[in-house]
Amino acid sequence: MSKTIGILTAGGDSPGLNAAIRGVGKAALGHYGMHIVGFRDGFRGLMENRTAPLDGGQLSGILTVGGTILGTSRDKPHKMPVGGKLVNMLDSIAGNYHVNHLDCLVCLGGGGTVKNALRLKQMGLNVITLPKTIDNDVAGTDTTFGFDTALGIATEAIDRLHSTAHSHHRIIVVEIMGHRAGWLALGAGIAGGADVILTPEIPYEVDSVAEAIRARVRGGKPFSIVAVAEGAMSKQDLATIAAARSAGRKSSKLRDGRKADDQEADAAELLYADRTLRLAKHLEALTGLEARVTILGHVQRGGAPSAADRILATRLGTACADLIANGRYGVMVAAKGDGTRPVRLEEVAGKVKTVPINHSWIGSARRVGTNFGD
Ligand code: F6P
């Protein structure tokens, strides 16, 4: 009897999701003769049994399209907002898995989705994940689809910022996504020739950045591009968060019913909120140059996937269909060299792939004179 597979996309959207849906779907339908059904808006759609037909026509014309035709959400199966509360909906989700007679549920998502898929696996469901995110921070895979596209967009932005920074003799601080990993800022910073690259993996000193910019001025270059990852932190910001943490831990009772971790999160939130603006102001004061801030934001996630992401998503999607045909479940389909390999969800869940500080990209950037603020 032919198998029935469900597909959903979860977490932030990412270029290449539709290419991956198409890859799984066309291989499953056309090559293996399986049935396929989509669920709308991530785990929420599965919980509410909101399905989307994917049995043919819907898979055509989507390879090049950004976003996800299924819609997505950040809702977690075990903490789903329902009626103003966070409710454990794992049983409803498992129920709808069976109502739809699924042999496997394919979840396209990042690190959070792997954790959620593992919860379903532990309930006895057959699940497979595909690694997508512009952040490139999923453990166990060489790379994730979405990253190459975002890298291209952020690089083009830096290219464009260069000419205006140069014309006005300004510092331009460009904030690049990446959550708590610096892959995107590092990659775009290198490709765009940023003078300073700040990442979460290397806590920075504003004075070191300012001195690098002043040295450029002395060398006849009165402009600089600072590529800062959204998760980058100065040593001072980190000290502030550590102080909030220890203050929270010392108070034995919960203040206003809130925990120490909440206080730490508040401190971090406050620092994140305007951190890039504060950095620019600080650099203005320390260098005497005018500074401007550009926050690239969701532009980095929108629009058509690059050729590399279309290929990667197709490779991972078709490999996923092969695994289902062979009855191999409970894994993430990872990119490995020119091929793919299944990695057990347990080996990936809860891990974040940040940039190793001895990574060759960092070494190369340093050798062309890039400052990392350390
Ligand atoms: O994980 C992808 C990502 O774009 C991160 O780079 C960023 O921190 C986050 O999502 C933004 O999430 P949202 O779109 O929910 O604001």
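Quantities reported herein were computed from a predicted structural model and do not represent experimental measurements. For ligands, and for the atoms within them, numbers begin at 1 and follow the listed sequence.
Nearest approach of W183 to T354, heavy atoms of both residues: CZ2-O, 3.5 Å.
For the side-chain contact (heavy atoms from CB on, under 4.5 Å) with L283, the lone residue among L289, V226, V196 that qualifies is V226.
Close approach of ligand 1 to E230 (heavy-atom distance below 4.0 Å) involves ligand atoms 5 (C), 6 (O), 7 (C), 8 (O). Short contacts between ligand 1 and H298, defined as distances under 4.0 Å to a heavy atom of the residue, involve ligand atoms 13 (P), 14 (O), 16 (O). Close approach to M177 involves these atoms of ligand 1, each under 4.0 Å from a residue heavy atom: 4 (O), 6 (O).
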Yes or no on side chain to side chain contact (heavy atoms under 4.5 Å, CB included) for E205 and D374, after CA distance, side-chain angles and deciding distance? CA-CA 6 Å; E205 306 253 20; D374 54 347; over 6 Å; no
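D195 is not listed as a side-chain neighbour of N371, based on a closest heavy-atom distance of 4.5 Å or more.
Residue-level proximity to ligand 1 for I134 is carried by the side chain, the only part with a heavy atom below 4.0 angstrom. For R74, every heavy-atom contact with ligand 1 shorter than 4.0 Å involves the side chain, none the backbone.
Heavy-atom distances between G110 and ligand 1 stay at or above 4.0 Å for every pair.
Closest to atom 6 (O) of ligand 1, if we only count protein heavy atoms, is D135 OD1, 2.7 Å. Scanning the protein heavy atoms around atom 3 (C) of ligand 1, the nearest turns out to be R301 NH1, 3.5 Å.
For the atom pair L130 CG and L108 CG, the distance stands at 5.0 Å (nearest 0.5 Å).
Side-chain rings of H169 and F223 stay apart, their centers remaining 6.0 Å or farther from each other.
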